[in-house]
Amino acid sequence: MTSITQILAAAERTDTGMRAAIPAGWLQGRTAYGGLSSALALEAAMAIEPDLPPLRSAQVAFIGPLAGEVTVTATKLRRGRNAAFIQSDIVSEAGLGYRATFIFMAALQSRIAHDQAARAPLAPPAPDAKLYTGPEDFFTGNFNFFDPKEAKGPAEWLRWARLRERDGLHPMTELMAIGDALPPAAFKLIEGQQAPLSSLNWQINFTTANPTTDDGWWLLHAVADRASDGYSSQRMTMWNAAGDQIAEAMQAVAIFA
């Protein structure tokens with residue numbers, strides 16, 4: 001297993017980003033796991049602009065397959081008094097495979113203090129809980145999962161997840177890496193058949209500027225209310241071990257079944 005920290009340490013830094021290698025253990029079929037691509041893209045974005053405020057939002061397009069040697073290029077689109085917009089592209093031998101716009105924004109003085117976000121519906125796993133770790137030659141081998149079997153819908157996942165190796169990672173890099181770790185919610189509708197699914201985009205908004213948790217655990221939720229014509233839209237949520245909502249997201253998924 002090659003950790004994200006090791007991938008970043010081995011990357012060749014450039015003035016606009018980095019050149020890095022995607023290990024086979026981080027592949028999801030013929031492309032890099034989207035969370036790894038997002039982690040590399042965020043690291044490049046944070047490196048090109050000094051003293052950035054906290055990351056608050058990311059808009060991601062999964063354009064094509066990424067594998068082997070990749071080049072990550074970050075570009076400052078705009079920086080104002082409160083917010084900075086930075087674009088990151090990832091290119092491999094197959095061409096442009098990934099593009100993200102990261103929005104960093106400082107806290108503002110406000111009269112509004114509203115919070116009706118749902119608390120995490122489950123406690124984190126006990127120290128002696130039986131965990132699942134994927135095979136070493138697939139991206140899930142980099143994670144521990146705990147599945148409490150509490151998801152009720154026919155196209156819904158609810159799982160605790162953590163990176164096996166996370167030491168030294170920026171907290172937001174860790175969240176980008178883990179936020180896409182669930183299978184697409186519509187995967188449950190295939191009913192055991194083998195069929196490829198592919199994430200098309202990902203919009204994630206962070207509801208806190210300083211995410212923390214215990215023992216690396218984050219509760220991930222994904223649900224698709226509709227899936228038809230080879231396409232589904234799913235809603236996603238992330239909580240920390242204390243039950244606080246950390247992020248909300250949406251994702252479009254192509255279903256080849």
Side-chain angles (χ1 to χ4, degrees), residues 1-4 7-8 11 17-18 20-45 55 57-74 87-92 94-102 134 137-143 145 157 159 161-164 166 169-170 172-187 195-206 218 220-224 231-238 246-256:
M1 187 184 73
T2 305
S3 69
I4 297 176
I7 295 171
L8 291 170
M18 71 181 83
I22 305 295
W26 279 99
L27 292 179
Q28 185 177 16
R30 63 193 182 103
T31 189
Y33 159 61
L36 173 63
S37 300
S38 297
L40 297 179
L42 176 58
E43 284 286 323
L55 177 68
S57 184
Q59 299 167 333
V60 173
F62 299 108
I63 298 167
L66 292 171
E69 298 290 329
V70 299
T71 299
V72 189
T73 303
Q87 176 178 295
S88 289
D89 290 345
I90 306 182
V91 174
S92 70
L96 179 64
Y98 176 103
R99 172 167 287 174
T101 301
F102 296 104
D137 59 349
F138 193 61
F139 84 94
T140 54
N142 297 281
F143 297 91
F145 295 99
W157 297 107
R159 285 180 178 169
R162 69 179 176 188
L163 281 167
R164 291 172 63 190
R166 55 193 179 273
L169 286 181
H170 188 284
M172 287 303 187
T173 301
E174 180 183 348
L175 289 185
M176 292 301 293
I178 207 166
D180 193 32
L182 291 179
F187 180 77
L197 294 88
S198 180
S199 298
L200 301 173
N201 65 10
W202 187 23
Q203 166 73 51
I204 182 166
N205 297 325
F206 295 100
W218 306 93
L220 307 180
H221 179 243
V223 59
Y231 174 88
S232 78
S233 175
Q234 65 180 36
R235 294 173 283 113
M236 306 160 75
T237 310
M238 180 185 296
I246 299 299
E248 294 182 308
M250 290 190 71
Q251 198 168 81
V253 179
I255 311 167
F256 300 94

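One is the number of the first residue; the rest follow in order along the sequence.
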Rounded to the nearest 0.5 Å, how far apart are [atom1] of [X] and [atom2] of [Y]?
| X | Y | atom1 | atom2 | answer |
| --- | --- | --- | --- | --- |
| M1 | F143 | CE | CZ | 10.0 Å |
| L66 | Q28 | CG | CD | 11.5 Å |
| I7 | I22 | CD1 | CD1 | 6.0 Å |
| R99 | D89 | CZ | CG | 4.0 Å |
| M238 | L182 | CE | CG | 9.0 Å |
| L55 | T173 | CG | OG1 | 9.0 Å |

Under the side-chain hydrogen bond (donor to acceptor under 3.5 Å, both in side chains) rule, collect the residues that match up with Q203, sequence neighbours excluded. S57, Q59, N205
Let me see the working for L36 and F139 under side-chain contact (heavy atoms from CB on, under 4.5 Å), right down to the final yes or no. CA-CA 9 Å; L36 173 63; F139 84 94; over 6 Å; no
Looking at every non-hydrogen atom in both residues, tell me the closest pair between [X] and [Y] and how far apart they are.
| X | Y | result |
| --- | --- | --- |
| W157 | H221 | O-CD2, 3.1 Å |
| A74 | A44 | CB-O, 3.5 Å |
| A222 | Q234 | CB-NE2, 4.0 Å |
| Q251 | S199 | OE1-OG, 3.1 Å |
| A41 | V72 | CA-CG1, 4.0 Å |
| I255 | A186 | CD1-CB, 3.5 Å |

Show the numbers, then the answer: is there a side-chain contact (heavy atoms from CB on, under 4.5 Å) between Y231 and L200? CA-CA 10 Å; Y231 174 88; L200 301 173; 4.1 Å; yes
S88 and Y98: side chain to side chain donor-acceptor pair (under 3.5 Å), yes or no, with the steps? CA-CA 8 Å; S88 289; Y98 176 103; over 6 Å; no
Name the orientation class of the two ring planes belonging to W26 and Y33 (parallel below 30°, tilted from 30 to 60°, perpendicular beyond 60°). parallel
Any heavy-atom pair between the side chains of [Y] and [X] that's under 4.5 Å?
| X | Y | value |
| --- | --- | --- |
| I204 | L175 | no |
| F62 | D180 | yes |
| D137 | L27 | no |

Working for side-chain contact (heavy atoms from CB on, under 4.5 Å), residues N142 and R164: CA-CA 6 Å; N142 297 281; R164 291 172 63 190; 5.6 Å; no
